Amino acid sequence: MTRTDLFGMTAGEIAAAVAPYGLEKYRGRQLATWLYQRHVRDFAAMTDLPVKAREVLAAHFTAGTVTVRAEQHAADGATSKFLLALADGLAVETVLMVHDYGSSVCVSTQVGCAMGCAFCASTLRGVERDLTAGEILAQALYADEYLRRRGAGVNSLVIMGSGEPLANYDNVVKFIRLCHEPYCLGLSYRGVTLSTAGVVPGIDRLAAEGLPVTLAISLHAPDDELRTRLMPVNRTWPLAAVLAAGDRYAAATGRRVTYEYALIAGVNDGDAQAAALAALLKGRLANVNLIPVNAVPERGLLRPDAARVKRFLAVLTAGRVNATVRREMGSDISAACGQLRHAVLAAEERRE
Ligand code: SAH
C-alpha cells in the first residue's frame, strides 16, 4: 500500500486527508506545526497526539521524503549549500546566506532547467522534472532547521536556484503561500523574491495573484541580438515584451522590479551596453542588480575585473538608474546556480 505524503499540504488539506481516519479537523493545524515549525517528521514523536492517532498516521501517511545528500559550508561561515535527495533519487540544490540583517534561502524549483542560458550550469543537462510544492518547501525548511539549531531562522526567500519558477507556476505559488502561513515560516510576502528568465504570461499571472512578492527579471543584455544569444527564451519573449510585463507587474503590485544583469567580460560589460541598459530602464519602477558572472568553465565565460564592474555601475547611475552590485558570497563552495549538483553528478559519473 502506498502512503500519502502530508508534507507540502496546507493545514486544511492535511485535515481533509486525515479526516477519514477519524482525526478531528483541528489536527490539521497541529500536524502542520509539527512538520513545518518543529521540523519533526516522525509521527511517533508528535507527543500531543493520542498514541492511537500516531499509529494510524504512520500506517497511512508519510511526513516528507527529502534527505540531505551533501553539505558545504563556506570559510566565511555565512554561506552554506545543501544538496538534497528527492524520493526518486534526483537531487536539488539549496543555498543559505546569513547576512547581518537576517538569513535568506535560495531554493530550486525544477530539477535542471529547460531555459538553456549560455552562462548557467543548471541548464547543462536540460530539465528533468518540476519539483512539487513540498519538495521546494523542504529546501526552505531544511535551511530553517539548520538555523534553528543555531538560535536563528529563515527571514527571507529567493526563488533563484535551479529551474524556471514560472514554468512550474502552481507548485511555486503554493510554496510561497505555505511559507507565509503562521504555522509554517510566517514569512511576509515582501521577503520573497522570485526570479524569472522573462516568461511573460507567468509574470502577468503572478501580477494578478495578489501576492506582493518582489519580481526579479533576468535581463543580461540591453539588445535583442545579444540577449537571444545568451538567453534563447528571448526569441519567444523579446526585451520589449519582457519590459512591458515588468511595468505591468510594478503597476499591479506597486513593487519595484529588479532587473538582473550578469556581467560577462567582453560580452555585455561595455560602456555602450551600460548606456543602452540605462536608456531602456530610465523612468521605469526598476532596480538593476549587477552580478559579476560566476565563471562556468564548460562555457568559457569570465567575469570582468573590479574596475570594469565599477565603471558599468557608474554609467547606469549617471543615467539615473538605481543599481547595485551583488555582494559575492560562497564562491569557494560552488554556490553559483547548479554548480554543486553538476560537480557531484560529474564526480559520480567519473566513478562509474
Ligand atoms: N530561471 C530563473 C531563476 C534561476 S537563475 C531566472 O532565469 O531568473 C537565478 C539568476 O542567476 C538568474 O538571473 C540567472 O541568469 C543567474 N545566473 C545563472 N548562472 C549564472 C552565472 N554563472 N553567473 C551569474 N549569474 C548566473
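Read the numbers this way: they start at 1 and go in the same order the structure lists the ligands and their atoms. All values reported here derive from a predicted model rather than from experimental measurement. Count residues from 1 along the sequence.
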Any [X] heavy atom less than 4.0 Å to ligand 1:
X    : result
G163 : yes
S122 : no
E164 : yes
M231 : no

Which ligand 1 atoms does [X] reach within 4.0 Å, using its non-hydrogen atoms?
X    : answer
G161 : 4 (C)
C120 : 18 (C), 19 (N)
N294 : 21 (C), 22 (N), 23 (N), 24 (C)
A197 : 2 (C), 6 (C), 7 (O), 8 (O)
E260 : 10 (C), 12 (C), 13 (O)

Worksheet item: Backbone or side chain, does any N or O of F119 fall under 3.5 Å from an N or O of ligand 1?
Response: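 There is such a contact, yes.
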
Fill in: Residue R320 excluded, over 12 heavy atoms near CZ under 6.0 Å
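Not more than 12 within 6.0 Å, no.
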
Side chains of [X] and [Y] only: does a donor on one sit below 3.5 Å from an acceptor on the other?
X    : Y    : value
R235 : T228 : no
E164 : T196 : yes
D144 : H39  : yes

Item to complete: Give me the ring orientation class for Y189 and H180: parallel if the planes are under 30° apart, tilted from 30 to 60°, perpendicular past 60°.
Response: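 Parallel, since the angle between the ring planes stays under 30°.
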
Practice prompt. Kindly write out the residues that satisfy salt bridge (Lys or Arg N to Asp or Glu O under 4.0 Å) with D223, not counting sequence neighbours, or none if the list is empty.
Written response: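 If we apply the salt bridge (Lys or Arg N to Asp or Glu O under 4.0 Å) test to D223, skipping adjacent residues, there are no hits.
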
Worksheet item: Counting heavy atoms only, which part of I217 comes closer than 4.0 Å to ligand 1: side chain, backbone, both or neither?
Response: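 Neither; nothing of I217 gets under 4.0 Å from ligand 1.
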
Worksheet item: Which of the listed options, R326, H220, R303, Q110, holds the heavy atom that is closest to atom 14 (C) of ligand 1?
Response: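 Result: the heavy atom closest to atom 14 (C) of ligand 1 is in H220.
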
Item to complete: Would you indicate whether the side-chain heavy atoms of S195 and S218 approach each other to under 4.5 Å?
Response: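 Counting from C-beta outward, S218 and S195 do come under 4.5 Å.
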
Discussion item. Strictly by salt bridge (charged side-chain N to carboxylate O under 4.0 Å, His left out), give each pair with a member in residues 238-252 just once, sequence neighbours left out.
Written reply: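 Sorted result for residues 238-252: D204-R248, D247-R284.
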
